[in-house]
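To start, the structure under review is shown below, and the notes come after it.
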Protein chains: 2
Amino acid sequence: MKSDQENQLYSLLRKAGMKATPGHLTILSFIQKSKKPISSQDIINGIDRHLDPATVYRCVTKLKENGIIRQIDLRQNNAHYEFFDMAHHHHIICTGCGRIEDIEDCNLETVHQQILGQTKGFTQIKHHSLEFYGLCKKCNSKN
Amino acid sequence: MKSDQENQLYSLLRKAGMKATPGHLTILSFIQKSKKPISSQDIINGIDRHLDPATVYRCVTKLKENGIIRQIDLRQNNAHYEFFDMAHHHHIICTGCGRIEDIEDCNLETVHQQILGQTKGFTQIKHHSLEFYGLCKKCNSKN
DNA sequence: AACACAAACGCAAGTTACTTGCAATTAATT
DNA sequence: AATTAATTGCAAGTAACTTGCGTTTGTGTT
Ligand SMILES: [Mn+2]
Ligand SMILES: [Mn+2]
Ligand SMILES: [Zn+2]
Ligand SMILES: [Zn+2]
């Protein structure tokens with residue numbers, strides 16, 4: 001007897017042409033439950049069932065290739081990932097403690113056109129990465 | 001007899017409170033000459049005079065800490081750096097071949113205020129990182 | 001239900017990018 | 001010229017992945 005959430009992830013994987021293996025399901029579920037972008041190391045340390053690190057890295061790559069998760073760069077020493085079901089958004093990161101929040105507004109799609117006007121060497125923009133860095137209230141008051 | 005460029009870098013380092021050592025001068029000069037952001041590995045492989053990798057990593061960190069170079073994240077497996085004398089700008093990167101161009105316009109400082117209105121947990125934004133990814137003309141026509 | 005096969009897996013070994021400890025050297029101050 | 005703290009090279013160590021390979025497993029087909 002599978003839960004609704006398990007069934008949902010199962011069909012998500014199958015629709016993307018991926019096998020619904022323990023690795024894929026465990027990792028995907030863990031990323032979905034997380035409220036902020038996480039690294040492959042976070043997954044290796046955080047999952048209940050044991051998965052070999054090599055397996056985790058291979059699965060994360062596949063999930064990204066198939067557009068089920070997306071990569072976020074947080075200026076830490078490794079890539080982070082989040083579930084790719086929500087609206088296009090960005091992040092604000094505290095340079096003191098790493099606290100992270102979503103930023104919903106993003107009018108950059110209009111900027112894309114301006115840029116394509118400026119540049120001579122590029123013909124299309126596929127996506128962009130935008131992160132804001134600052135201090136959260138806690139870290140700001142510590143100073 | 002030193003060149004003008006050498007004297008310029010010398011005083012830049014001294015003003016920042018850094019010693020004008022072979023390591024600092026060689027690396028800084030190499031970054032300045034480069035027309036695009038480069039990685040520490042690029043420096044290790046590219047400089048004329050030999051410097052130990054450990055030295056290069058230590059120097060790059062110092063130059064960054066003192067605001068002489070700035071870090072750029074290009075979704076490659078390592079951080080890139082560029083000379084920090086020019087106007088605030090961003091980049092557009094070809095996902096096919098890595099070709100990179102500067103993007104001059106950036107009205108995000110106004111967006112900072114909007115974001116600080118939205119968020120409950122953050123009090124100030126120090127900087128942001130914005131990169132556009134697309135296809136250059138060459139890579140686009142290959143398809 | 002059994003079969004076939006590509007995909008996924010665990011394990012071990014290898015790689016890349018970077019860091020750290022330490023003794024010797026050197027740039028800047030006096 | 002003497003002093004001293006920062007820098008450097010070298011060697012060793014670490015963290016984050018990657019790759020090869022033999023075995024297992026999920027899935028489509030019979
Ligand atoms: Mn998010
Ligand atoms: Mn630039
Ligand atoms: Zn904070
Ligand atoms: Zn290209």
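Values below: every heavy atom of this structure, side chains too, minus hydrogens, waters and symmetry copies.
An angle of 40°, rounded to 10°, separates the two end axes of the helix from dA1(C)-dT30(D) to dT30(C)-dA1(D), each defined over five pairs.
Here the P atom of nucleotide dT16(C) and the CD atom of Gln76(B) are 16 Å apart, to the nearest Å. For the pair Leu74(B) CG and dA17(C) C1', the interatomic distance rounds to 16 Å; values are reported in whole Å. Atoms CG (Asn66(A)) and P (dA7(C)) sit 12 Å apart, rounded to a whole Å. Distance, His50(B) NE2 to dG9(D) P: 6 Å, rounded to whole Å. Whole-Å rounding puts the Tyr81(B) OH to dC18(C) P distance at 7 Å. Counting to the nearest Å, the C1' atom of dG10(C) and the CD1 atom of Ile47(A) are 13 Å from each other. Here the P atom of nucleotide dT25(D) and the CZ atom of Arg49(A) are 11 Å apart, to the nearest Å. Atom pair Lys15(A):NZ and dT27(D):C1' shows a separation of 18 Å (rounding to whole Å applied).
For the pair Lys36(A) and Glu82(A), the salt-bridge criterion is not met [side-chain N within less than 4.0 Å of a carboxylate O].
Contact check for Glu101(B) versus Phe122(A): side-chain heavy atoms found under the 4.5 Å cut-off. In this structure, the side chains of Leu130(A) and Ile103(A) stay at 4.5 Å or more apart for every pair of heavy atoms. Residues Leu116(A) and Thr123(A) are not in side-chain contact: their nearest non-hydrogen atoms beyond the backbone lie 4.5 Å or more apart. By the 4.5 Å heavy-atom criterion applied to side chains, Val60(B) and Tyr81(B) are counted as neighbours.
For an aromatic pair to be called close, the ring centres must be under 6.0 Å apart, and His128(A) with His90(A) satisfies this.
OP1 or OP2 of dC18(C) lies within a sub-4.0 Å distance of a side-chain N or O belonging to Tyr57(B). Note on Thr55(A): every side-chain N or O is 4.0 Å or more away from OP1 and OP2 of dA8(C).
Cluster partners of Phe84(B): none. The rule joins Ile, Leu, Val, Met, Phe, Trp and Tyr whenever side-chain heavy atoms lie under 4.5 Å apart, and it links nothing here.
Distance from the side chain of Asn78(B) is smallest to dA17(C) among dT7(D), dA17(C), dC9(C).
Side chain of Asp42(B) to backbone of Ser39(B): a donor-acceptor contact under 3.5 angstrom is found.
Residues in residues 43-63 of chain A take part in no salt bridge (Lys or Arg N to Asp or Glu O under 4.0 Å) pair, two or more places apart or across chains.
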Please tabulate, one pair per line, each protein N/O and nucleotide N/O from nucleotides 19-24 of chain D that are separated by under 3.5 Å, including the distance.
unit_1	atom_1	unit_2	atom_2	d
dG20(D)	O6	Arg58(A)	NH1	3.3

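Proximity of residues 29-43 of chain B to DNA chain D (heavy atom under 4.0 angstrom from any strand atom) is not detected for any residue.
The nearest pair of heavy atoms linking Arg14(B) to Lys19(B) is NE-CA, 4.3 Å. Listed here is the closest heavy atom pair of Ala20(A) and Leu25(A): O-CD1, 3.8 Å.
In this structure, His112(B) and Phe132(A) have perpendicular ring planes: the angle between them is above 60°, well past the 30° mark.
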Glu131(A)/Arg75(A) under salt bridge (Lys or Arg N to Asp or Glu O under 4.0 Å): CA gap, chis, key distance, verdict: CA-CA 9 Å; Glu131(A) 318 297 336; Arg75(A) 295 219 157 185; over 6 Å; no
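With hydrogens and angles left out, the side-chain atoms of Asn78(A) and Gln76(A) include no donor and acceptor closer than 3.5 Å.
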Where protein sits on nucleotides 25-30 of chain C, one letter per nucleotide: B base, S sugar-phosphate only, - none, heavy atoms under 4.0 Å: --BSS-
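Between Ala79(B) and His24(A), it is His24(A) whose nearest contact on DNA chain C lies nearer the 5' terminus.
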